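What follows is a set of notes on a single structure, which appears directly below.
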Amino acid sequence: MRLERLNYNRIKIHLTFDDLYERGLTKEDIWKDSIKWQYFFHEMLEEANDLFGLEINGSVAVEIFSLKAQGMVMILTMTEQEDDDEELLNEGFLEMQVTVEETVDILFAFKDLEAVIQVCKQLEHVGFKGGSLYAKERSYYLCFADIIAKREEQMVALLGEYGECCLTSIYLIQEYGKTICEQKAIETITTYFH
């Protein structure tokens, strides 16, 4: 689990499926809002409080982005409490508004072209093909759709060695970025940079 402060009232929490598994949780526990999930959520809030010195005393908007085989990312936005809510909060209640979205594509961001070249060589070496490559604001993005489920974890593991999973919508990258290679990115990169 990795926590990152975005601004004064927003936190990003990266959770791998291993993080959930270690705590005896599944994605279904989150979707169903199970008791186990609620306990884990409060532990995350306490850790964020200790790490960033946040005082969580109001409602929390939770946006959960499921990232296929990579795990999930949660964006927590804290809002100030109303005077009417103070009594409920003192009794241990916390108002949560949860939004869940699931990505379809595998999308990773890379800081430089060299990282893209290296990961493409590794992916080709183990038999992967295809993908799209984009550039936007000094970063490169590899996107893969329709990967066979049993090979997703292998692909994500290799991509994670060179880059980071990306929450930005692929449509935003396509709209405001530059398309370098719309199809067959792995084959194109490994052909030109061998």
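Note that the structure is a prediction, hence the values are computed from the model and not measured. We're numbering straight along the sequence, starting at 1.
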message = Pair Leu45, Glu47 - check side-chain contact (heavy atoms from CB on, under 4.5 Å), show working.
response = CA-CA 5 Å; Leu45 290 179; Glu47 189 170 333; over 6 Å; no

key: Heavy-atom side-chain contact between Met155 and Leu158 under 4.5 Å   = no

note = Contacts of Lys36 meeting salt bridge (charged side-chain N to carboxylate O under 4.0 Å, His left out) (sequence neighbours excluded), chain-then-number -> Asp29

task = Please answer: with hydrophobic residues joined when any side-chain heavy atoms are less than 4.5 Å apart, are Ile180 and Tyr176 in the same cluster?
result = no

task = State which residues pass side chain to side chain contact (heavy atoms under 4.5 Å, CB included) with Tyr192; sequence neighbours excluded, sorted by chain then number.
result = Thr188

task = Apply side-chain contact (heavy atoms from CB on, under 4.5 Å) to the pair Met1 and Phe40, showing each step before the final yes or no.
result = CA-CA 12 Å; Met1 180 169 75; Phe40 178 56; 4.1 Å; yes

Minimal non-hydrogen separation, Leu15 against Asp19, with atom names = CA-OD2, 3.6 Å

request  = For Tyr39, look at atom OH and say whether over 12 heavy atoms of other residues, nucleotides or ligands are found less than 6.0 Å away.
outcome  = no

message = Hydrophobic clustering (ILVMFWY, side-chain heavy atoms < 4.5 Å, transitive) - are Tyr171 and Ile173 grouped together?
response = yes

inquiry  = If you define the side chain from C-beta out and look only at heavy atoms, does anything of Val119 sit under 4.5 Å from Phe110?
reply    = yes

Nearest heavy-atom neighbours spanning Phe144 and Gly130 = CE2-O, 3.6 Å

remark   = Heavy atoms of Glu152 and Ile106 approach each other most closely as CG-CD1, 4.1 Å

For residues 111-118, which side-chain N or O atoms pair as donor and acceptor with protein atoms under 3.5 Å away, sequence neighbours left out?
from   : atom 1 : to     : atom 2 : distance (Å)
Asp112 : OD1    : Glu114 : N      : 3.4
Asp112 : OD1    : Ala115 : N      : 2.9
Glu114 : OE2    : Gln118 : NE2    : 2.7

task = Only one of Asn9, Asn7, Ile13 passes side chain to side chain contact (heavy atoms under 4.5 Å, CB included) with Ile11; say which it is.
result = Ile13

Results of side chain to side chain contact (heavy atoms under 4.5 Å, CB included) for Gln154 - residues two or more places apart only = Val126, Phe128, Arg151

inquiry  = Could you work out, with salt bridge (charged side-chain N to carboxylate O under 4.0 Å, His left out) as the rule, every residue matching Arg23, not counting sequence neighbours?
reply    = none

task = Decide yes or no for Glu187 and Lys129: does some side-chain heavy atom of the first lie under 4.5 Å from some side-chain heavy atom of the second?
result = yes

task = Can you see which heavy atom on Thr190 is nearest to which on Glu124, and at what distance?
result = OG1-OE2, 3.1 Å

task = Give the C-alpha distance, both sets of side-chain angles, the deciding distance and a yes or no for side-chain contact (heavy atoms from CB on, under 4.5 Å) between Phe108 and Cys165.
result = CA-CA 4 Å; Phe108 271 75; Cys165 67; 3.9 Å; yes

key: Any pair counted as salt bridge (Lys or Arg N to Asp or Glu O under 4.0 Å), so long as it reaches residues 1-15, sequence neighbours left out   = Arg10-Glu63

inquiry  = Checking side-chain polar atoms at under 3.5 Å, does Ser132 have a donor or acceptor matched by the opposite partner on Glu182?
reply    = no

request  = Report yes if the side chains of Leu133 and Ile189 come closer than 4.5 Å at any heavy-atom pair, otherwise no.
outcome  = yes

remark   = Scanning both residues in full, the closest heavy-atom pair of Ala185 with Cys120 reads O-SG, 4.4 Å

inquiry  = Working note: Leu159 + Leu123, criterion side-chain contact (heavy atoms from CB on, under 4.5 Å); need CA distance, chi angles, decisive distance, verdict.
reply    = CA-CA 8 Å; Leu159 290 166; Leu123 289 168; 3.9 Å; yes

inquiry  = Give me the atom names and distance for the closest heavy-atom approach of Cys143 to Tyr134.
reply    = CB-CE1, 4.3 Å

